Number of protein chains: 2
Amino acid sequence: MSDEPTARDSRSRDRARTEADILAAARVVLAEDGFQGFGVNAVARRAGCDKQLIYRYFGGLDGLVDAIGLDLAGWLERELLSEDAPPRTYAELVEQLVLRFLAALRADPLVQRIAIWELAAPSPLVARLAAARGTAMMRWVAKTRGALTPPEGVDAPAFNALLIAAVQQLVLAGAAVGSFSGLPLQSDADWARVQAAAVTLVRAVYSEG
Amino acid sequence: MSDEPTARDSRSRDRARTEADILAAARVVLAEDGFQGFGVNAVARRAGCDKQLIYRYFGGLDGLVDAIGLDLAGWLERELLSEDAPPRTYAELVEQLVLRFLAALRADPLVQRIAIWELAAPSPLVARLAAARGTAMMRWVAKTRGALTPPEGVDAPAFNALLIAAVQQLVLAGAAVGSFSGLPLQSDADWARVQAAAVTLVRAVYSEG
DNA sequence: GCGATTTATCACCGGCCGGTGACATGTCAA
DNA sequence: TTGACATGTCACCGGCCGGTGATAAATCGC
């Protein structure tokens with residue numbers, strides 16, 4: 001929102017520090033204003049330095065986006081991790097995945113903006129960004145799945161995609177307009193309702209065949 | 001994509017025709033380029049007339065968007081209508097709703113763009129646009145529901161929102177990048193898979209309690 | 001035929017954008 | 001001390017944007 005440059009003596013002459021400032025500014029701009037406001041000028045203003053440095057140190061916006069993607073790669077995995085009891089059934093596995101994905105996405109405006117970016121302006125650049133999320137989820141599933149397998153005769157990939165898609169759409173809509181299709185998505189109670197419905201769905205599909 | 005003005009003798013002096021041209025051009029621009037490319041200059045170029053006319057006849061972009069919203073209000077209702085047998089159970093009702101919403105949204109890039117617009121840049125303007133869709137679905141449900149009611153002890157609004165949200169996210173992702181979370185969303189076979197999964201979900205929740 | 005009105009076009013403004021070349025200043029090594 | 005290099009700033013370019021005032025041309029009422 002505000003464009004006041006963050007405090008930063010303009011003569012720091014510390015490249016590592018400057019790069020970190022630029023990267024942080026880029027994340028803030030993207031998280032706050034979305035991809036529409038994401039540009040060289042905005043990031044430089046936010047970082048309190050000249051935009052030329054973005055070209056010099058990151059090779060332009062593309063390199064900056066890639067840099068964001070790098071430390072974003074581990075985001076989802078970190079978020080999905082927990083010390084809870086490992087799932088004992090496939091239903092529990094999917095249930096944990098859905099609930100944690102909901103919480104993680106809801107808490108991270110940056111990733112929300114990236115997801116919207118992907119929908120609104122698909123490009124190889126942002127595709128690379130979004131790919132990290134997908135592979136992270138895959139790896140998490142592979143790691144915590146153990147020997148768990150979906151029930152026979154069930155199109156698990158389709159169901160899981162449905163569930164994750166529902167969660168993502170609701171989180172994005174909730175952040176943007178506070179409701180979806182008449183369902184309020186603001187208070188924690190609203191989200192508890194969504195969680196309950198999602199859990200019921202998972203169990204209806206996987207637990208009882 | 002291309003900016004060549006549509007054939008149109010520049011001296012037609014037919015206000016009704018010109019207004020229709022502008023409105024059509026606006027819909028095309030929005031459907032093709034999304035809200036990012038939606039502006040006075042782009043619409044005027046596409047309509048093959050001067051942008052001043054947009055201000056004169058529609059009062060600027062806002063009025064133009066409202067005009068789009070007007071004839072868009074009946075869109076969903078028209079799409080949802082059909083001569084199929086009326087649903088006999090609540091499960092059938094929701095099943096029809098979900099499947100028809102999927103088909104309608106998939107076939108209409110304009111509405112897809114509006115949905116994305118709502119996520120990326122919420123504003124009273126586009127909210128008015130998107131509200132039409134919501135009320136249209138409400139009215140359709142009220143009209144075809146008859147005496148059907150959801151089973152006891154089921155949070156029907158939450159489940160329905162989940163299902164519609166899943167469909168919407170998958171359609172948007174399919175149009176943008178052709179897949180979601182590893183699930184391909186391009187061929188008709190891909191979508192048949194999604195439909196089957198959605199139907200199974202609906203029945204698991206409503207039919208068998 | 002003629003003036004008034006409608007319809008449409010054009011030229012222009014300020015502002016922001018991405019991008020680049022020239023320049024200033026601090027740092028460090030020879 | 002001096003010269004090369006790293007770091008940072010500034011000024012400028014062309015292009016597109018939304019928005020507006022003046023002007024031309026066709027139509028209509030009289």
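Worth saying up front: this structure is predicted, and the values here are computed from it rather than measured. Letters A, B, ... mirror the listed sequences (proteins, then strands); counts begin at 1. No hydrogens, no waters, no symmetry mates; every other heavy atom, side chains included, goes into these values.
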>> Do the side chains of B/D108 and B/R113 get close enough for a salt bridge, i.e. N-O under 4.0 angstrom?
In response: no
Open item on the list: Between B/T18 and C/dT7, is there a contact of a side-chain N or O with OP1 or OP2 at under 4.0 Å?
Closed with: no
- request: Flag the pair B/R133 and B/E79 as a salt bridge only when some basic side-chain nitrogen lies within less than 4.0 angstrom of an acidic carboxylate oxygen.
  value: no
Rounded to whole Å, the CZ-C1' distance (B/R45 to C/dT9) equals 16 Å
Taken to the nearest whole Å, NZ/B/K51 to P/C/dT9 is 13 Å
request  = Could you tell me whether A/D84 and A/R100 have a side-chain N and a carboxylate O separated by less than 4.0 Å?
outcome  = yes
Here the distance between atom C1' of D/dG21 and atom CD of B/Q52, to the nearest Å, is 8 Å
Exercise. Does a side-chain N or O from B/R13 land closer than 4.0 Å to OP1 or OP2 of D/dA26, or not?
Worked result: no
Assign each of A/R56 and A/F38 the nucleotide of DNA chain C bearing its closest heavy atom; nearer the 5' end lies the nucleotide of A/F38
Open item on the list: When you measure from the side-chain N and O atoms of B/Y55 to the phosphate of D/dG18, is any distance below 4.0 Å, counting only OP1 and OP2?
Closed with: no
Exercise for review: Please confirm whether the backbone N or O of B/L53 pairs with a side-chain atom of B/D50, one donor and one acceptor, at under 3.5 Å?
Suggested key: no
A/D50 atom CG is separated from D/dC12 atom P, nearest whole Å, by 14 Å
From the candidates C/dG18, D/dT7, D/dG21, the one with an atom nearest any side-chain atom of A/V40 is C/dG18
Taken to the nearest whole Å, CD1/B/I54 to P/C/dA8 is 13 Å
From CG of B/D21 across to C1' of C/dA8 the rounded distance in Å is 13 Å
Here the distance between atom P of C/dT9 and atom CD1 of B/I22, to the nearest Å, is 9 Å
* To do: Verify the contact: side-chain N or O of A/Y57 to OP1 or OP2 of D/dA6, cut-off strictly under 4.0 Å; return yes or no.
  => no
Checking side-chain polar atoms at under 3.5 Å, does B/D21 have a donor or acceptor matched by the opposite partner on B/T18? no
Rounded to whole Å, the CG-C1' distance (B/L53 to D/dA24) equals 14 Å
Notebook entry, point to check: Under 4.0 Å: is that the gap between some side-chain N or O of A/N41 and OP1 or OP2 of C/dC16?
Noted result: no
